[in-house]
J.: 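Encoded as structure tokens, here's the structure I'll be asking about.
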Amino acid sequence: MLKFTQIHKTYNDNGQPHTALQEVSAEINAGESVALCGPSGSGKSTLLNICGLLDSDYQGELSLDGQIVPKCADSLTQIRRAHIGFIFQRYNLVPVMTVLENIELPLMMLNMPSAQRLELAAKMAVQVGLKDHINKRPDQLSGGQQQRVAIARALVKRPKLVIADEPTANLDTTTANLVMDMMAALGQQYGTTFLMATHDDRMLHRFARRFNLQDGELQQVTTTNSFWRAG
Ligand SMILES: Nc1ncnc2c1ncn2[C@@H]1O[C@H](COP(=O)(O)OP(=O)(O)OP(=O)(O)O)[C@@H](O)[C@H]1O
Ligand SMILES: [Mg+2]
């Protein structure tokens with residue numbers, strides 16, 4: 001589903017080249033969920049930005065569903081809007097929009113007619129347990145509720161791939177588990193592939209595969225018998 005080959009990324013750090021990723025390669029299957037682990041500064045967000053088609057300034061090759069991802073901005077935007085959802089540590093909701101409008105947003109970007117948009121967004125709001133909050137603004141919600149809005153927003157267009165960058169880092173353990181359960185359940189229902197950066201040890205047992213980044217190198221790919229699962 002998602003394959004990256006010899007991805008090499010160098011930042012310009014005040015005129016000095018700084019290598020953030022050193023020729024990392026791996027493949028993720030459709031419907032699979034992979035944790036991307038590693039200490040702060042190891043390159044997790046850098047790799048997620050590339051895999052999420054937010055950054056095209058890298059060497060190496062990325063392919064999605066067997067198609068090589070082009071590096072031209074217009075095509076990237078199109079592919080990203082159609083096929084990739086995002087969940088961030090700080091939720092990144094639009095503060096002046098209601099819960100329902102936030103969830104609808106990715107469908108607006110796809111020019112979906114309003115009635116269809118509303119129906120899908122309202123259904124997602126129910127699925128993440130926010131039926132009674134759809135007209136509230138993000139600042140009227142708890143962190144866990146805001147992250148559930150972000151999950152609904154990421155999944156409403158049924159993307160092939162969801163990129164999640166430390167989605168539970170700001171949440172207490174009970175809420176973090178609830179949010180992970182929700183991602184796992186919806187991901188399984190819709191067959192979504194997840195690539196999730198986390199250094200949240202509370203969550204690692206949930207993943208069948210983990211990529212470990214250390215100083216920009218993908219050091220191990222661990223395969224265990226566990227599955228992306230609830231609790
Ligand atoms: N825009 C940038 N310009 C220069 N250097 C950068 C930039 N973004 C990241 N870096 C550097 O690249 C390396 C990898 O950063 P990255 O944000 O990918 O790490 P991370 O694993 O996501 O860390 P964290 O767990 O703290 O989020 C770090 O050394 C960082 O300082
Ligand atoms: Mg990061």
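Remember, it's 1-based here, ligands and their atoms both numbered in the order they're listed. When reading the values below, keep in mind they use all heavy atoms of this one structure, side chains included, and skip hydrogens, waters and symmetry mates.
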J.: Given 3.5 Å as the limit, does a donor-acceptor pair link the side chain of Lys157 with the main chain of Arg81, or not?
T.: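 Looks like yes, one N/O pair under 3.5 Å.
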J.: Once the angle between the rings of Phe4 and Phe211 is folded into 0 to 90°, is it parallel (under 30°), tilted (30 to 60°) or perpendicular (over 60°)?
T.: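 The rings of Phe4 and Phe211 stand perpendicular, inter-plane angle above 60°.
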J.: Ala20 to ligand 1: N or O pair under 3.5 Å?
T.: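 No: no nitrogen or oxygen of Ala20 is under 3.5 Å from one in ligand 1.
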J.: Below 4.0 Å, non-hydrogen atoms only: which portion of Thr46 touches ligand 1? Side chain, backbone, both or neither.
T.: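 Both of them.
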J.: Would you say Asp172 and Thr175 are linked by a side-chain donor-acceptor pair, where the criterion is simply a distance under 3.5 Å?
T.: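 Judged by distance alone, the side chains do pair up.
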J.: Atom 28 (C) of ligand 1: which protein heavy atom is closest, and how many Å away?
T.: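 Looking at atom 28 (C) of ligand 1, the protein heavy atom closest to it is Gly41 O, 3.6 Å.
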J.: Any non-hydrogen protein atom below 4.0 Å of atom 31 (O) of ligand 1?
T.: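 Neighbour list for atom 31 (O) of ligand 1 is empty of protein heavy atoms (cut-off 4.0 Å).
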J.: So which protein heavy atom does atom 8 (N) of ligand 1 come closest to, and at what separation?
T.: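 I find the closest protein heavy atom is Tyr11 CZ, 3.3 Å.
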J.: Can you confirm whether the side chains of Thr98 and Asn135 place a donor and an acceptor under 3.5 Å from each other?
T.: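 The criterion, which ignores hydrogens and geometry beyond distance, is not satisfied for Asn135 and Thr98.
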J.: Between Asp65 and Lys160, does any NZ, NE, NH1 or NH2 come within less than 4.0 Å of an OD or OE carboxylate oxygen?
T.: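 Yes.
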J.: To which protein heavy atom is atom 25 (O) of ligand 1 closest, and what is the distance rounded to 0.1 Å?
T.: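 I find the closest protein heavy atom is Lys44 NZ, 2.7 Å.
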J.: Using 2.8 Å as a strict upper limit, say whether an N, O or S atom of Thr46 approaches the Mg ion (ligand 2) that closely.
T.: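 Looking at Thr46, which is the residue asked about, there is no N, O or S atom under 2.8 Å from the Mg ion (ligand 2).
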J.: Ignoring angles and geometry beyond distance, decide whether Asn12 reaches within less than 3.5 Å of ligand 1 through its nitrogen or oxygen atoms.
T.: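 No, no N or O pair falls under 3.5 Å.
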J.: Do the side chain of Lys44 and the main chain of Gly38 share a donor and acceptor less than 3.5 angstrom apart?
T.: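 Yes, Lys44 side chain to Gly38 backbone: donor-acceptor pair under 3.5 Å.
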J.: Can you tell me if Arg117 uses its side chain to pair, donor with acceptor, with the backbone of Met112 under 3.5 Å?
T.: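 At least one qualifying donor-acceptor pair exists.
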J.: Heavy-atom count around Asn12 CG within 6.0 Å, excluding the residue itself: above 12?
T.: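 Atom CG in Asn12 is crowded, with more than 12 foreign heavy atoms closer than 6.0 Å.
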J.: Please state which protein non-hydrogen atom is closest to atom 29 (O) of ligand 1 and give its distance, to 0.1 Å?
T.: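 Atom 29 (O) of ligand 1 sits closest to the protein heavy atom His18 NE2, 3.0 Å.
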J.: Below 4.0 Å from ligand 1: does a non-hydrogen atom of Ala197 turn up there or not?
T.: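 Not so, Ala197 does not reach ligand 1.
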J.: Establish, for the pair Lys71 and Tyr58, whether the NZ or CZ atom is under 6.0 angstrom from the six-membered ring centre and no further than 45 degrees off its axis.
T.: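 The answer is yes; both the distance and angle limits are met.
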J.: N/O to N/O below 3.5 Å, does that happen between Asp13 and ligand 1?
T.: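 Among all N and O atoms of Asp13, none is under 3.5 Å from an N or O of ligand 1.
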J.: Is any N or O atom of Ser45, backbone or side chain, closer than 3.5 Å to an N or O atom of ligand 1?
T.: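 Yes, there is a polar N/O contact under 3.5 Å.
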J.: Which residue owns the protein heavy atom closest to atom 26 (O) of ligand 1, what's the atom, and how far is it?
T.: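 Nearest protein contact, heavy atoms only, for atom 26 (O) of ligand 1 is Ser40 OG, 2.5 Å.
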J.: Between Arg209 and Asn29, is there a side-chain donor-acceptor contact under 3.5 Å, judged purely by atom types and distance?
T.: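 Their side chains do not contain a donor-acceptor pair, so the 3.5 Å distance test is not met.
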J.: Look at ligand 1 and say whether Gly38 reaches it with a heavy atom at a distance under 4.0 Å.
T.: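 So Gly38 does not count as touching ligand 1.
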J.: With atoms numbered from 1 as shown, which atoms in ligand 1 lie under 4.0 angstrom from a non-hydrogen atom of Ser42?
T.: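 The atoms of ligand 1 under 4.0 Å from a heavy atom of Ser42 are 19 (O), 21 (O).
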J.: Which ligand 1 atoms does Pro39 reach within 4.0 Å, using its non-hydrogen atoms?
T.: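 Those atoms are 21 (O).
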J.: For the side-chain contact (heavy atoms from CB on, under 4.5 Å) test, which of Leu21, Ile7, Asn212, Val24 pairs with Leu218?
T.: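 Passing option: Val24.
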J.: Check contact between His199 and ligand 1, using heavy atoms of the residue and a distance below 4.0 angstrom.
T.: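 Judged by the 4.0 Å heavy-atom criterion, His199 does count as contacting ligand 1.
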